[in-house]
Engineer: 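For reference, the structure I am asking about is given below.
Each chain gets a letter, A, B and so on, in the order the sequences are listed, and its residues count up from 1. Everything numeric in this text was worked out from a predicted model, so none of it was measured.
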Amino acid sequence: MDLIPRNVANFTRQLRRIGGMFDWDHTVDTTQPEYYRWTQWLFLQLFRNGLAERKEAPVNWCPSCMTVLANEQVMAGLCERCDTPVEQRRIAQWFFRISDYAERLLDNLREMDWSETTKKAQENWIGRSEGALLRFPVLGVEPTPELVESATEESDAGEGSTVAPSIDDELLLEVFTTRPDTVFGASYMVLAPEHPLVDALTIPEQRDEVEAYRERVRKMDMVARKKVEKEKTGVFTGGYCRNPATGQEIPVWIADYVLMEYGTGAIMAVPGHDERDFEFASRFDLPIPRVVAAPGEDPDTPLEEAYVGPGHLVNSGEFDGLEVDEAIGQITEWLSEQGLAEARVNYRLHDWCISRQRYWGPPIPIVHCDACGAVPVPDDQLPVTLPRVEDFRPDESGVSPLARVREWYETECPECGEPARRETDVSDTFLDSAWYFLRYPSTDLDGVAFDPAITRTWLPVDCYIGGNEHAVLHLLYARFITMALHDLEWLDFEEPFSRFRAHGLIVREGSKMSKSKGNVVVPDPIIEEYGADTFRLYLMFLGPFEEGGDYRDAGIQGPFGFLKRLWETVVPVDALGDGPPDPEVERKLHQTIEQVTRQVPELGYNTSIAAMMEYLNAVRSGGRQATRSEVEPLVPLIAPFCPHLAEELWSRLGHDESIFQGANWPAWDPEKTVEDTVTLAVQVNGKVRATVEIPADTSEAEALERARQEPNVNRYLDGAEIRRVIYVPDRLLNLVVG
RNA sequence: GCCGGGGUGGCGAAAUGGUAGACGCAGGGGACUUAAAAUCCCCCGGGGGCAACCCCAUCUGGGUUCGAAUCCCAGCCCCGGCACCA
């Protein structure tokens, strides 16, 4: 039970030890009621504004964690926490309507200063596709109210349909397609095995087979089901739809290659122009009509494989001859006039399933009342705290451990006062972290989640650095929550992190280092041996920050030696010369200050450190004695990397205040960075033949004159005519001879 | 399959149109030392040459350019994400 305080203490110890400069006066602990009270408040804000709802939908169930998971927490079919293959279950769960924000979450990305890779990950995850919702009349099935209702069932991807799926006493089967132009080629339909209309469509003769298939699919975990390479399977239901374009009756099948979670869970199959449908139709001997012809093909050119490229329509009645692009719009419009189509944008992004059947987590602050329904716990009764329990392990039932604590869940309805039951699910821990940055500046305040004035001063976050593994988890959730709070007028910005950079991964002996996968580099013993500063410096030095790097144990010697030499250069402070800096060294110093000042904000840490090493080499070159004026400015430059050492050196240099107290960052003088002599590369026909030392800003004519004196240049000019001279002042002179 | 990021010495890497390999690791040689450590100096992509120098070299092949690691086209390989998404 007291695991969490212990973990927190250990993290805190390590972070302090490594010299992380955090404001320890503003910490949050998401497991404490003082914090999760406001997580619950946040839930209620969304609930009261229609952004949180309880609904039944196919959800991911991890049989090992024994809880449901959000889509974002399923990695290639495996549970993000424990790598167990997840199953699909249909249980009523609490969802946040993040899919309402799909378009804005996508749009804002374009202008955001975030790592490209992170933006792309979000873009793919949101998965916008343009197309149409088409409605296929179902033959021989009465559109009873129940069926109509089950067929209109909410689908959070895309906007809900506006037209009831029955027309002229016919039940309509809705499908989403990006290729409405190929509707004349739809020769059969496929429903996901879980589709609510499967029962109604199945004829008695097929029932056993259909049920057996559904059962088999139900038992399959998502990894097995989504395996692309496996052979397509499916079963005919015996039912038929009418193709609204051709009027033909086409069979309705169920197959597990159609997923309930995407679109409407049903497709029109166009085997001629979709690879998956082609494979399925070939296997089950279904017709494969051609409705698009590439240049040089005619309506009867046989299809050896699905043709998905551009072309013009064929076998499509009045639409024959239209290019695919034009046909998409025209056919959608034609069908929509009959109430059988609507242009539609579909998103892969699903609503965020936030309820969890665990003990740990903030209880969802809702009371279920027979009379009043789901009633929010009034703000003044927050937090709803977790009861102490003996056994907090979840079980197979899909019901939270809190449901075993009768004295906790039995309560009265805040509205009518009748006996009622608390919600026993807790919220996803990703909800805790989706808003913590809002809480940080306001941790002193008990009365609000975040104070408006303080929030305006401190937020949004200027620069956020984290791992890209959170691209579609934390980072997407935090954007959504911020956007929702903006719309509810709690915030005046809608994006939480102005700048985001994904750091690279540290790899050691082939394995990656990450919070969840374990530390392949254990800091404590390294700090023990070399000190925190050396460790920090090495981590920053071993590769570009945004790409990570290969941690080699021996490599730490470089930064260690550097710091050692730095110390020895400065430390008998009395031994430092007190004269002016050597002019050469001074120039190098100003160049170094410039480079470090410029590169640190760009996360160019490895090259900044290299520059400082170079500078120290120059200072010590030939065993020369440094002056104070040469080394003192280097101390603040190294301070962000090596705070302990810098502080100590600063103090030994006679400063009473902490180096971090004042504005100690050195300034560079642009005039002092310029070289008075430069090395000019002299090329003949693009090949370097000599280098010459010349004064900076030498004119082309003078440079040419000087270059001609070089025997190795002259050799190549002998007897040849200089046809062209390219002169890049202070860098290069290229003589083109012919 | 699609989308990102990459591919440069023995190794980690610099250089984003102008002297490829800064800085560092590992390696070699030298000075100082009784010795070692530390420190300092020198060498360190490949080949040729007594040398001056020359040739080759940034995944491969083409191209643009006076000049390409860098820009363009085609391909190969590695890493990461998504993936039967209709």
Engineer: Categorize A:Val270 for me: base, sugar-phosphate, or nothing, with a 4.0 angstrom heavy-atom threshold over every strand shown.
Structural biologist: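 A:Val270: no heavy atom of the nucleic acid under 4.0 Å.
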
Engineer: Send over the distance from A:Arg552 CZ to B:C23 P, rounded to a whole Å.
Structural biologist: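 Taking CZ of A:Arg552 and P of B:C23, I get 18 Å after rounding.
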
Engineer: Would you say B:G24 has OP1 or OP2 under 4.0 Å from some side-chain N or O of A:Asn617?
Structural biologist: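 Yes, such a contact exists.
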
Engineer: Has A:Asn734 got a side-chain N or O lying under 4.0 Å from the OP1 or OP2 atom of B:G18?
Structural biologist: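 It does not, given that no N or O in the side chain of A:Asn734 lies less than 4.0 Å from OP1 or OP2 of B:G18.
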
Engineer: How close or far is atom P of B:G5 from atom NZ of A:Lys119, stated in whole angstroms?
Structural biologist: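 To the nearest whole Å, that distance equals 12 Å.
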
Engineer: Examine A:Arg689 relative to A:Tyr716 and say whether NZ or CZ is less than 6.0 Å from the centre of the six-membered ring and inside a 45° cone about the ring axis.
Structural biologist: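 Geometry flag: set, cation within 6.0 Å and 45°.
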
Engineer: By the 4.0 Å heavy-atom rule, please label A:Gln683 as base, sugar-phosphate, or nothing.
Structural biologist: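 It contacts base atoms.
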
Engineer: If you check every side-chain atom of A:Ala610, which of B:C66, B:C23, B:C54 has the closest atom?
Structural biologist: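 Per side-chain heavy atoms of A:Ala610, the pick is B:C23.
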
Engineer: Quickly work out the A:Ile726 CD1 to B:G67 C1' distance and round it to whole Å.
Structural biologist: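 Rounded to whole Å, this separation is 7 Å.
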
Engineer: Taking the C1' atom of each, how far is B:G6 from B:C66, in whole Å?
Structural biologist: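 Here B:G6 and B:C66 have their C1' atoms 31 Å from each other.
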
Engineer: Pick the closest RNA chain B nucleotide for A:Gly555 and for A:Glu547 by heavy atoms, then say which residue is nearer the 5' end.
Structural biologist: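 Result: A:Glu547.
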
Engineer: Could you tell me whether A:Asp277 contacts a base, only the sugar-phosphate backbone, or nothing, with contacts defined as non-hydrogen atoms closer than 4.0 Å?
Structural biologist: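 Nothing, no nucleic acid heavy atom in range.
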
Engineer: For A:Asn468, answer base if it contacts any base atom (sugar-phosphate contacts may also be present), sugar-phosphate if it contacts only those atoms, and nothing otherwise; contact means non-hydrogen atoms under 4.0 Å.
Structural biologist: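 The residue A:Asn468 makes no contact with any strand.
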
Engineer: Applying a 3.5 Å limit to both distances, which nucleotide forms a Watson-Crick or G-U wobble pair with B:G21?
Structural biologist: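 Answer to the pairing question: none, since B:G21 forms no Watson-Crick or G-U pair.
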
Engineer: Would you mind classifying the nucleic acid contact of A:Pro544 as base, sugar-phosphate or nothing, using non-hydrogen atoms under 4.0 angstrom?
Structural biologist: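 Counting heavy atoms under 4.0 Å across all strands, the contact made by A:Pro544 is with sugar-phosphate only.
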
Engineer: Establish, with yes or no, whether the OP1 or OP2 oxygen of B:C66 is under 4.0 angstrom from a side-chain nitrogen or oxygen of A:Arg724.
Structural biologist: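 So the side-chain polar atoms of A:Arg724 do come within 4.0 Å of the phosphate oxygens OP1 or OP2 of B:C66, strictly under.
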
Engineer: Under 3.5 Å for both donor-acceptor distances, Watson-Crick or wobble: does B:C82 have a partner, and if so which one?
Structural biologist: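 Because both required distances fall under 3.5 Å, B:C82 counts as paired with B:G1.
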
Engineer: Verify whether one side chain among A:Tyr727 and A:Asn734 offers a donor that lies under 3.5 Å from an acceptor in the other.
Structural biologist: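 There is no such pair between these side chains.
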
Engineer: Ignoring hydrogens and geometry, is there a side-chain-to-backbone donor-acceptor pair from A:Asp351 to A:Ser99 under 3.5 Å?
Structural biologist: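 Yes; judged by distance alone, with no hydrogens or angles, the pair exists.
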
Engineer: Minimum heavy-atom separation for A:Arg283 and A:Glu231, please, with both atom names.
Structural biologist: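 Where A:Arg283 meets A:Glu231 most closely, the heavy atoms are NE-OE2, 3.2 Å.
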
Engineer: Which nucleotide in the list B:A14, B:U19, B:A26 gets nearest to the side chain of A:Leu732?
Structural biologist: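 Nearest to the side-chain atoms of A:Leu732, counting from C-beta on, is B:U19.
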
Engineer: Could you measure between the two P atoms, the one in B:G17 and the one in B:G27, and give it in whole Å?
Structural biologist: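 Per the computed distance, 37 Å lies between those P atoms.
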
Engineer: Does the side chain of A:Arg620 get closer than 4.0 angstrom to OP1 or OP2 of B:C40 through an N or O atom?
Structural biologist: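 So the side-chain polar atoms of A:Arg620 do come within 4.0 Å of the phosphate oxygens OP1 or OP2 of B:C40, strictly under.
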
Engineer: Could you classify B:G81 for me, syn or anti, using a glycosidic angle within 90° of 0 as syn?
Structural biologist: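 B:G81: anti.
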
Engineer: Should A:Glu123 and A:Arg348 count as an ion pair when the cut-off is N to O under 4.0 Å?
Structural biologist: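 No salt bridge links A:Glu123 with A:Arg348.
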
Engineer: So which nucleotide does B:A68 pair with, by the Watson-Crick or G-U wobble rule with both distances under 3.5 Å?
Structural biologist: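 Partner of B:A68: none.
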
Engineer: Round to the nearest Å and state the distance from A:Glu710 atom CD to B:A52 atom C1'.
Structural biologist: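 So the CD-C1' distance, A:Glu710 to B:A52, works out to 13 Å.
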
Engineer: Looking across every strand, which nucleic acid part, if any, lies under 4.0 Å from A:Val688 by heavy atom: base, sugar-phosphate, or nothing?
Structural biologist: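 Sugar-phosphate contact only - A:Val688 comes under 4.0 Å of backbone atoms but never of a base.
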
Engineer: Using the C1' atom as the reference point in each nucleotide, state the distance between B:U39 and B:G45 in Å, no decimals.
Structural biologist: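 Approximately 29 Å lies between the C1' atom of B:U39 and that of B:G45.
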
Engineer: Within the structure, does a side-chain N or O atom of A:Arg731 lie under 4.0 Å from either OP1 or OP2 of B:U19?
Structural biologist: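 Checking A:Arg731 against B:U19: at least one side-chain N or O falls below 4.0 Å of OP1 or OP2.
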
Engineer: What is the separation between atom CD1 on A:Ile126 and atom P on B:A83, rounded to the nearest whole Å?
Structural biologist: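 It is 14 Å, rounded to the nearest whole Å.
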
Engineer: With sequence neighbours excluded, what pairs up with A:Tyr307 under the ring pair (Phe, Tyr, Trp, His ring centres under 6.0 Å) test?
Structural biologist: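 Partners of A:Tyr307 by the ring pair (Phe, Tyr, Trp, His ring centres under 6.0 Å) criterion come out as none, since no residue qualifies.
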
Engineer: Answer yes or no: does a side-chain N or O of A:Arg348 lie under 4.0 Å from OP1 or OP2 of B:A83?
Structural biologist: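 Yes, within the criterion.
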
Engineer: At less than 4.0 Å, is any side-chain N or O atom of A:Ser129 found next to OP1 or OP2 of B:A86? Yes or no.
Structural biologist: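 For B:A86, OP1 or OP2 has a side-chain N or O of A:Ser129 closer than 4.0 Å.
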
Engineer: Considering every strand and a 4.0 Å limit on heavy-atom distances, what is the contact class for A:Arg565: base, sugar-phosphate, or nothing?
Structural biologist: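 Counting heavy atoms under 4.0 Å across all strands, the contact made by A:Arg565 is with sugar-phosphate only.
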
Engineer: How far, in whole Å, is B:U70 from B:U19 if one measures between their C1' atoms?
Structural biologist: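 About 15 Å, rounded to a whole number of Å.
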
Engineer: Have a look at A:Arg624 and say if it touches a base, only the backbone sugar-phosphate, or nothing, with a 4.0 Å heavy-atom cut-off.
Structural biologist: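 Answer is nothing: A:Arg624 stays at 4.0 Å or more from every strand.
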
Engineer: Can you find a donor-acceptor N/O pair under 3.5 angstrom joining the side chain of A:Lys232 to the base of B:C84?
Structural biologist: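 Such a pair is found, so the answer is yes.
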
Engineer: A:Asp274 has a side chain; which of B:C41, B:C66, B:A86 sits nearest to it?
Structural biologist: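 Nucleotide nearest to A:Asp274's side chain: B:A86.
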
Engineer: Does any nucleotide pair with B:U58 by Watson-Crick or G-U wobble geometry, both distances under 3.5 Å, and what is it?
Structural biologist: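 Matched B:U58 with nothing under the 3.5 Å cut-off.
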
Engineer: Applying a 4.0 Å non-hydrogen cut-off, can you work out what A:Tyr551 is touching in the nucleic acid: base, sugar-phosphate, or nothing?
Structural biologist: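 Nothing, no heavy atom under 4.0 Å.
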
Engineer: Do the side chain of A:Arg479 and the main chain of A:Leu105 share a donor and acceptor less than 3.5 angstrom apart?
Structural biologist: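 At least one qualifying donor-acceptor pair exists.
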
Engineer: Angle between ring planes, A:His470 versus A:His474, binned at 30° and 60°: parallel, tilted or perpendicular?
Structural biologist: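 Correct class here is perpendicular.
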
Engineer: Give A:Thr117 one of three labels, base, sugar-phosphate or nothing, depending on what nucleic acid heavy atoms sit under 4.0 Å from its own.
Structural biologist: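 Result for A:Thr117 = sugar-phosphate.
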
Engineer: Between A:Gly548 and A:Arg179, who's closer to the 5' end of RNA chain B by nearest nucleotide?
Structural biologist: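 Whichever sits nearer the 5' end wins; that is A:Gly548.
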
Engineer: Using Watson-Crick or G-U wobble geometry with both distances under 3.5 Å, which nucleotide pairs with B:A36?
Structural biologist: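 Here B:A36 is not engaged in any pair, so there is no nucleotide opposite it.
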
Engineer: Regarding A:Lys588 and the six-membered ring of A:Tyr615, is the cationic atom NZ or CZ under 6.0 Å from the ring centre and inside 45° of its axis?
Structural biologist: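 No, A:Lys588 does not lie over the aromatic ring of A:Tyr615.
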
Engineer: What nitrogen or oxygen pairs link the protein and nucleotides 55-59 of chain B at under 3.5 Å?
Structural biologist:
| unit_1 | atom_1 | unit_2 | atom_2 | d |
| --- | --- | --- | --- | --- |
| B:C55 | OP1 | A:Arg689 | NH2 | 3.3 |
| B:C55 | OP2 | A:Arg689 | NH1 | 3.2 |
| B:C56 | OP2 | A:Lys687 | NZ | 3.4 |

Engineer: Any ion pair linking A:Asp256 and A:Arg216 (charged N to carboxylate O, less than 4.0 Å)?
Structural biologist: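 Answer for the salt bridge query: no.
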
Engineer: NZ of A:Lys564 versus P of B:U39: gap in Å, rounded?
Structural biologist: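 Going from NZ in A:Lys564 over to P in B:U39 covers 6 Å.
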
Engineer: Nearest whole angstrom, please: distance from the P of B:G4 to the CH2 of A:Trp125.
Structural biologist: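 Answer to the nearest Å: 19 Å.
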
Engineer: Under 4.0 Å, counting only non-hydrogen atoms across every strand here, what does A:Leu259 touch: a base, just sugar-phosphate, or nothing?
Structural biologist: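 Since a base atom lies under 4.0 Å of A:Leu259, the category is base.
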
Engineer: Without decimals, in angstroms, what is the distance between A:Glu116 CD and B:G81 P?
Structural biologist: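 Going from A:Glu116 (CD) to B:G81 (P), I get 18 Å.
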
Engineer: Does this structure show an ion pair linking A:Glu130 with A:Arg128, if we count only N-O contacts that are shorter than 4.0 Å?
Structural biologist: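 Looking at A:Arg128 together with A:Glu130, the answer is yes, because their closest N to O distance falls below 4.0 Å.
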
